[in-house]
Amino acid sequence: MQVAYHQDKLIHLPSCEREKWQQLYMASIRQEVTCIHCHSPLKMDLSILTPPSFIHLHVTDECIKTVTLMEKKLTSKQEEQQPEKSHPTSGIQLPKRRAITTSSTEAKKDLWKEPDLVKAIPTFEAKQSNSSQTQTGYRQTLAQNGIYLDDNQWKAVRTTEGPLLILAGAGSGKTRVLTTRTAYMLTELNHSPKEMILVTFTAKAAKEMKERMRLYPGISPSALNQLVIGTFHSIFYKMLMHHEPEQWSPNRLLNQDWQRQAMIKEAAREIDIDEKEFAFDQALTQISWWKNHLISPKQVKAKDVWEERVSYLYKRYEQMRLTKNLFDFDDMLIGLHELLTNNSNLLKRYQQRFAYVSVDEFQDINKVQVELITMLCDRTHNLCVVGDDDQSIYAFRGSDPSYILNFKERYPETKTVILNENYRSNHEIVSSANNVISTNRTRYAKQLHAQNSSEKAPLIFYPFDEEEEATMIMNDIKKQIENGANPADFAILFRTNSSARALIERFISSSIPFQLEADGESFYKRKAVRKVLAYLQLARNQDDSQALQELVSALFLKQQAVRDIKAASIAHDCTFIEALPHLQGLQPFQLKKLTELPKKFKQLQKKTPVEAIEYIEQEMGFNDYVKKQGNEGNKMERGSDDVRDLKVVARHHTTISDFLDYIDHMTIKYDEIRSQKNMTNATQLMTIHRAKGLEYKHVYILSCLEGSLPHDYALEAWRDGDDKPLEEERRLMYVAMTRAEENLKLSVPIMRRGKKAFRSRFVREVQRLSPKQTLKS
């Protein structure tokens, strides 16, 4: 059905404004959309694959007849108004609407855009599999135990002497190669487990390797116990504990973020930094980056005012830490580096002990880690590194892909093995990912090959905005679960937590079990959002004490003003807002602004939420606050962007009170789902960074738009002549795409943050063949 009643008005979907579809969908959930004949509630279908429609659960012949006549009448009327401008939509001719004089005019021209299948897919060439009959010796023994290796994997396993670079593409079985290589050296070459060390980046990866090693024939439990497998921190910390147990006692470890934050907050007060206004989490990340690059506080060269402040916090943090004889996780690696540098005899002992070193995920290594590995391998050069430069995505932590890219320069005798057979994804997904990553210039030239092909090419779909995008994805998953899929088969990946705000809220309101893997607090607790909400909360209740604390900083007042305002409200028997003009010791321009605020707050009460936010920005001075704040050094987040996101939510609410109640509910629910861990059968919502190393049957990638993926900060760097951030964003896209096993769907919304959006360059690259490929016939 294309027609229905809503709020006593006739709705005709083909002529209804696209931005209203989401509101109609939510209204249908509340049973406010009804049949024009029998007035029974209708359900609105808003999905990825088909144009929207109303679904009658108890339809009669009379309903169908009435609806059909009305649809013909309305369609005919439309065609008479605009006979020369019509365009096809799913086989039905729908005329374009008259131009709308808003900022989103261009985006509203097409009511519906059919999803596109990626067509830039080369012809699939099946490769002959390696059967156990054609294999001999240890390789055959492995195959008989269910451990199969392709030729390149076997080559990597047998290459045990000297430096070895294994370039392992996504889904190419790198863990199998590392564990099999170790097993081969222990059982076939009779190496001692004591002389081998396998370094991983996560405890999960180390645990998986140990479990897999138990499956190999000929390895005794005692040999496995002597084998050193662990993360950089776990292995190197044990070394420190062995030689300097008192200095590196676990009770001296700063193992919680709040402990480190407390120290830098204490230092921040020394230079009059407002605790509520400073990005301390970002400051800790920056300090960690400096430490991992072996840059002491004295060596820091600040690039801007923010880095100058963080540099001071770094200096004071180190002073306080050393005074209290404490250390953090970064100090573990720095401490071992200093110990081995200053004790050549000890270094030689470890070089003799660990004659064979293997490092997993080498593309993620940082300076202090690579220096430690180099020191250990300096005697034998028996260093095996496994990684994929195309999956280097942790620059913000200090990782640098140049170490894997320049590995052969450091070790000229390096042997290289490329694992380019993907055992995870189908040919269509692998080829689409190849199309994207081949655009990067700073990389090893290679292409993944899939083991199987399917008729399911990746799909590109076009929701209207963030809200509709979330609804479409949720409904698409819900339909597949109803048809027998498991919730755990699905993952929705996004660039940043803030870009998933609508998605999270839609899933909170759905019946689909889901798990959120994200850092940070709710969107509504972000700094700029908190300030705007403080205005709205005080418009509803002018004596809201918590909102007042947020307001004073937005008015460029110090926190001590809160106490003065409360005192003035008592002295003059008035509300907090009415007490603002009674503050003493202010500049004339400040007093003038505060004198006008009580009247403006009264105006605020009369407005809809989106009107109120715009009024706060333009008439109550909030734009000035956002401009003065800038990014506070956090290149990933902008206060103005957060406010635009907030306005997208606000458009779906009619009163300030209703809007604030909705936010309170979502904030509580967000905290609840964050506390849920290890759900066994749930759809996963996570950032691309968290998805690395994981795989799912069905993957959705959120908001494939310029400014989102790739992120704005990377585009700004690119415009300034720095390609590195943009190439890392492309690697992020590649990682996201290669998480999918069977189905991949890319979302390209028409609008973002209330403005016309532009398709990501990565989506254009998906639809363009990579070099030396032939289009699939």
Side-chain angles (χ1 to χ4, degrees), residues 166 168 174-179 181-182 193-214 224-245 248-250 252-257 260 284-285 288-289 291-294 327-340 350 353-354 356-377 383-388 391-401 403-404 517 519 678 689-694 735:
I166 303 175
K174 68 177 180 63
T175 303
R176 171 168 295 194
V177 169
L178 266 179
T179 52
R181 184 175 181 272
T182 305
K194 292 181 179 180
E195 64 180 349
M196 302 170 68
I197 179 173
L198 279 77
V199 187
T200 68
F201 270 83
T202 65
K204 180 183 177 183
K207 182 181 178 182
E208 182 182 355
M209 282 192 184
K210 289 178 182 177
E211 289 174 350
R212 289 204 189 186
M213 289 297 298
R214 293 189 177 94
L224 189 57
N225 289 335
Q226 295 176 63
L227 191 64
V228 177
I229 303 177
T231 64
F232 277 96
H233 288 87
S234 66
I235 293 173
F236 294 152
Y237 179 54
K238 287 177 183 176
M239 293 182 187
L240 285 172
M241 279 284 290
H242 180 71
H243 297 288
E244 298 176 343
W248 298 97
S249 172
R252 299 184 188 277
L253 173 62
L254 295 162
N255 60 354
Q256 299 292 333
D257 281 347
R260 296 188 296 144
L284 284 174
T285 299
S288 181
W289 191 94
K291 295 181 81 165
N292 284 320
H293 280 76
L294 298 174
F327 65 94
D328 58 30
F329 286 103
D330 296 324
D331 295 316
M332 293 178 182
L333 304 188
I334 296 170
L336 185 64
H337 183 269
E338 292 175 350
L339 179 64
L340 296 181
Y350 276 116
R353 161 79 190 276
F354 297 123
Y356 295 90
V357 178
S358 299
V359 183
D360 190 17
E361 303 286 9
F362 195 72
Q363 76 279 349
D364 294 330
I365 204 163
N366 61 37
K367 183 176 178 62
V368 66
Q369 291 166 342
V370 82
E371 290 294 329
L372 284 167
I373 292 297
T374 302
M375 292 166 77
L376 287 177
C377 298
L383 173 60
C384 169
V385 301
V386 185
D388 182 8
Q391 297 187 71
S392 178
I393 58 173
Y394 295 111
F396 67 94
R397 293 183 187 169
S399 300
D400 189 342
Y403 293 120
I404 193 170
E517 293 286 346
D519 295 318
N678 302 320
H689 285 98
R690 281 182 173 265
K692 187 170 176 292
L694 304 176
V735 167

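When a residue number appears, it is its place in the shown sequence, counting from 1. Excluded from the calculations below are hydrogen atoms, water molecules and symmetry mates; all remaining heavy atoms, backbone and side chain alike, are included.
With sequence neighbours left out, the salt bridge (charged side-chain N to carboxylate O under 4.0 Å, His left out) criterion links Arg397 to no other residue. Residues forming a side-chain contact (heavy atoms from CB on, under 4.5 Å) with Ser358 (at least two apart in sequence, or on another chain): Leu178, Arg181, Leu198, Cys384. Residues passing the side chain to side chain donor-acceptor pair (under 3.5 Å) test with Ser392, sequence neighbours excluded: none. Residues passing the side chain to side chain donor-acceptor pair (under 3.5 Å) test with Trp289: none are found, sequence neighbours excluded. Taking Arg176 as the reference, nothing meets the salt bridge (charged side-chain N to carboxylate O under 4.0 Å, His left out) condition, with sequence neighbours excluded. Looking at residues two or more places apart in sequence or on another chain, you find a side-chain contact (heavy atoms from CB on, under 4.5 Å) between Lys207 and Glu211. Residues forming a salt bridge (charged side-chain N to carboxylate O under 4.0 Å, His left out) with Glu208 (at least two apart in sequence, or on another chain): Arg212. In this structure, Pro245 has no side-chain contact (heavy atoms from CB on, under 4.5 Å) partners at least two apart in sequence or on a different chain. Listed by chain and residue number, Phe201, Phe236 satisfy the ring pair (Phe, Tyr, Trp, His ring centres under 6.0 Å) test with Phe232 (two or more places apart in sequence, or in another chain). Residues passing the side-chain contact (heavy atoms from CB on, under 4.5 Å) test with Lys204 are Thr202, Leu694, sequence neighbours excluded. By the ring pair (Phe, Tyr, Trp, His ring centres under 6.0 Å) test, His243 is found to be paired with Tyr350, residues two or more places apart in sequence or in another chain being considered.
Counting only heavy atoms from C-beta outward, the side chains of Met196 and Val228 never approach each other to under 4.5 Å. Glu244 has its side chain within reach of Leu339: a pair of non-hydrogen atoms, C-beta onward, lies under 4.5 Å apart. Two residues are said to be in side-chain contact when any heavy atoms from C-beta on lie closer than 4.5 Å; Val386 and Val359 fail this criterion. Looking only at side-chain heavy atoms (C-beta outward), Ile393 and Lys692 come within less than 4.5 Å of each other. Looking at Leu253 and Phe327, their side chains come closer than 4.5 Å, going by heavy atoms from C-beta outward. The side-chain heavy atoms of Val385 and Ile166, taken from C-beta on, include no pair separated by under 4.5 Å. Contact check for Lys367 versus Tyr403: side-chain heavy atoms found under the 4.5 Å cut-off.
Nearest heavy atoms, Ile235 versus Ile229: CD1-C, 4.3 Å. Between Thr200 and Ala206 the shortest heavy-atom distance is OG1-CB, 3.6 Å. Nearest heavy atoms, Ser399 versus Gln363: CB-O, 4.3 Å.
Proximity of a side-chain donor or acceptor of Thr179 to a complementary backbone N or O of Thr175 within less than 3.5 Å is detected. Checking side-chain atoms of Glu195 against main-chain N and O of Phe354 turns up no donor-acceptor pair under 3.5 Å.
Atom CD1 of residue Ile373 and atom CD1 of residue Ile365 lie 5.5 Å apart, to the nearest 0.5 angstrom. The CE atom of Met239 sits 8.0 Å away from atom CZ of Arg353, with the distance rounded to the nearest 0.5 Å. Here the CG-CD1 distance, from Asp388 to Ile404, works out to 7.0 Å after rounding to the nearest 0.5 Å. The structure places CG of Leu372 at 11.0 Å from SG of Cys377, a figure rounded to the nearest 0.5 Å.
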Requested in this report: Check the pair Thr182 / Leu227 against side chain to side chain contact (heavy atoms under 4.5 Å, CB included), numbers first and verdict last.
Outcome: CA-CA 10 Å; Thr182 305; Leu227 191 64; 3.8 Å; yes
Query raised in the report: Where do Asp360 and Lys174 land on the salt bridge (Lys or Arg N to Asp or Glu O under 4.0 Å) test, with the steps shown first?
Result: CA-CA 8 Å; Asp360 190 17; Lys174 68 177 180 63; 3.0 Å; yes
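Using cut-offs of 30° and 60° for the angle between ring planes, the Phe396 and His689 rings count as perpendicular.
Between the side chains of Gln369 and Glu371, no donor N or O sits under 3.5 Å from an acceptor N or O.
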Please tabulate, for side-chain N and O atoms in residues 329-337, each donor-acceptor pair with protein atoms closer than 3.5 Å (sequence neighbours left out).
residue, atom, partner, partner atom, Å
Asp330, OD1, Ser288, OG, 3.3
Asp330, OD2, Ser288, OG, 2.8
Asp331, OD1, Lys291, NZ, 2.8
Asp331, OD2, Lys291, NZ, 3.3
Asp331, OD2, Arg321, NE, 3.3
Asp331, OD2, Arg321, NH1, 3.3
Asp331, OD2, Asp328, N, 2.8

